[in-house]
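Notes follow once the structure below has been shown.
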Amino acid sequence: MNRSPHASNSTDHPHGSKLSCETLRLFGDAIEHLGGDSEYIVRALTEMLTAMKPVAPSELTKHHVRFLIESGKFTAETLAETQKGIQRGSLQLGAAEAWLSQIQTTMSLEDTIGYLEWDEIEVRAAIVEHRLYAIEVSDRLRFPSWQFNVGSPEKLIPGLSEVIEVVLPRWPWQSVSGFMSTPQSSLIAKGRKTPVAWLCDGGDIAAVRQIVESDDWW
């Protein structure tokens with residue numbers, strides 16, 4: 001029987017061998033260790049991994065290898081280790097770790113309802129009116145936690161609506177979360193402050209807007 005040129009097996013792709021039952025069990029235990037909705041985390045993580053570029057064999061030619069070694073950035077040993085890590089999926093693993101870290105800094109719809117003591121209709125209305133910042137992951141709403149402020153009667157950071165309006169058309173939610181938690185050189189009051197700390201301490205929202213509009217923080 002003729003074999004499709006696109007078919008593959010463990011000989012063609014040794015790094016693509018099937019997972020053992022023990023590996024899958026350990027993965028399940030690790031997901032449960034995170035807490036939260038384990039089923040949701042697995043579904044969302046599966047979608048993210050499926051959308052990623054698969055691990056590909058090294059495309060470095062002998063000329064590329066010689067150039068990298070002669071540049072002094074790599075030795076033959078460190079380059080071989082780097083290539084080995086990439087072929088095993090180190091880049092994809094790093095992306096998955098970053099994604100999981102980011103998801104853990106968001107709240108579910110149910111938790112947000114409980115935290116704000118609003119009902120679901122109020123929460124969804126606030127999203128539409130840009131009074132709450134929400135994203136959708138695996139068909140579920142998630143709320144980045146930087147927007148919440150337990151020290152405020154409203155339980156939200158001051159100027160949230162203005163922040164949402166300026167970042168929403170510009171950046172993906174991961175970039176927004178990074179920006180809001182990164183000290184900015186132009187937000188100074190007893191040291192550099194993050195946009196969140198700046199706003200919670202009474203800073204002018206115009207200063208935050210100016211950074212976003214100029215993309216100074218990149």
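Side-chain atoms are counted along with the backbone in the values below, which use heavy atoms only and exclude waters and symmetry mates.
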Are the side chain of E129 and the backbone N or O of A126 linked by a donor-acceptor pair below 3.5 Å?
no
Results of side chain to side chain donor-acceptor pair (under 3.5 Å) for R170 - residues two or more places apart only
none
Is it the case that the side chain of S214 and the backbone of I211 share a donor-acceptor pair, with hydrogens and angles ignored and the cut-off at 3.5 Å?
yes
Partners of E117 by side chain to side chain donor-acceptor pair (under 3.5 Å), sequence neighbours excluded?
none
For side-chain contact (heavy atoms from CB on, under 4.5 Å), just list the numbers for R124 and L109, CA-CA rounded to whole Å, side-chain angles, deciding distance to a tenth of an Å, and then say yes or no.
CA-CA 9 Å; R124 290 185 179 276; L109 173 62; 3.7 Å; yes
Would you call L199 and V163 a side-chain contact if the rule is heavy atoms closer than 4.5 Å?
yes
As an exercise, state the distance from CG of D29 to CD of E32, rounded to the nearest 0.5 Å.
6.0 Å
Taking C-beta and beyond as the side chain, do E110 and I113 meet within less than 4.5 Å on heavy atoms?
no
Does the pair Q184 and W198 meet the rule for a side-chain contact (heavy atoms from CB on, under 4.5 Å), with working shown?
CA-CA 10 Å; Q184 304 297 315; W198 173 265; over 6 Å; no
Looking at W146 and V196, what are the two nearest heavy atoms and their distance?
O-CG2, 3.7 Å
Just jot down the side-chain contact (heavy atoms from CB on, under 4.5 Å) partners of L26, sequence neighbours excluded, or say none.
E22
NZ/NE/NH1/NH2 to OD/OE distance under 4.0 Å, R209 and E213:
yes
To the closest 0.5 Å, what do you measure between CG (L132) and CZ (F148)?
6.0 Å
Side-chain atoms of residues 153-161: list all donor-acceptor pairs with protein atoms under 3.5 Å, sequence neighbours left out, distances to 0.1 Å.
unit_1 : atom_1 : unit_2 : atom_2 : d
E154   : OE1    : S152   : OG     : 2.8
K155   : NZ     : Y115   : O      : 2.8
S161   : OG     : H130   : O      : 3.2

Please enumerate all residues that pass salt bridge (Lys or Arg N to Asp or Glu O under 4.0 Å) together with D139, with sequence neighbours excluded.
none
Is there side-chain contact between T106 and F143, with heavy atoms separated by less than 4.5 Å?
no
Would you say D119's side chain and E122's backbone share a donor-acceptor pair under 3.5 angstrom?
yes
Identify, with sequence neighbours excluded, every residue that meets salt bridge (Lys or Arg N to Asp or Glu O under 4.0 Å) alongside D201.
K193
Between T182 and T194, is there a side-chain heavy-atom distance shorter than 4.5 Å?
no
Does any non-hydrogen side-chain atom of T105 lie less than 4.5 Å from one of P144?
no
Kindly indicate whether the side chain of S108, heavy atoms from C-beta on, has any atom under 4.5 Å from the side chain of R140.
no
What's the separation between atom CD1 in I127 and atom CD in E136, rounded to the nearest 0.5 Å?
10.0 Å
So that I know where these two stand, are Y133 and W173 an aromatic pair - ring centroids less than 6.0 Å apart?
no
Measure the spacing between OG of S186 and CZ of R192 and express it to the nearest 0.5 Å.
9.0 Å
Value for CG (L141) from CE (M107), rounded to nearest 0.5 Å, stands at 12.5 Å
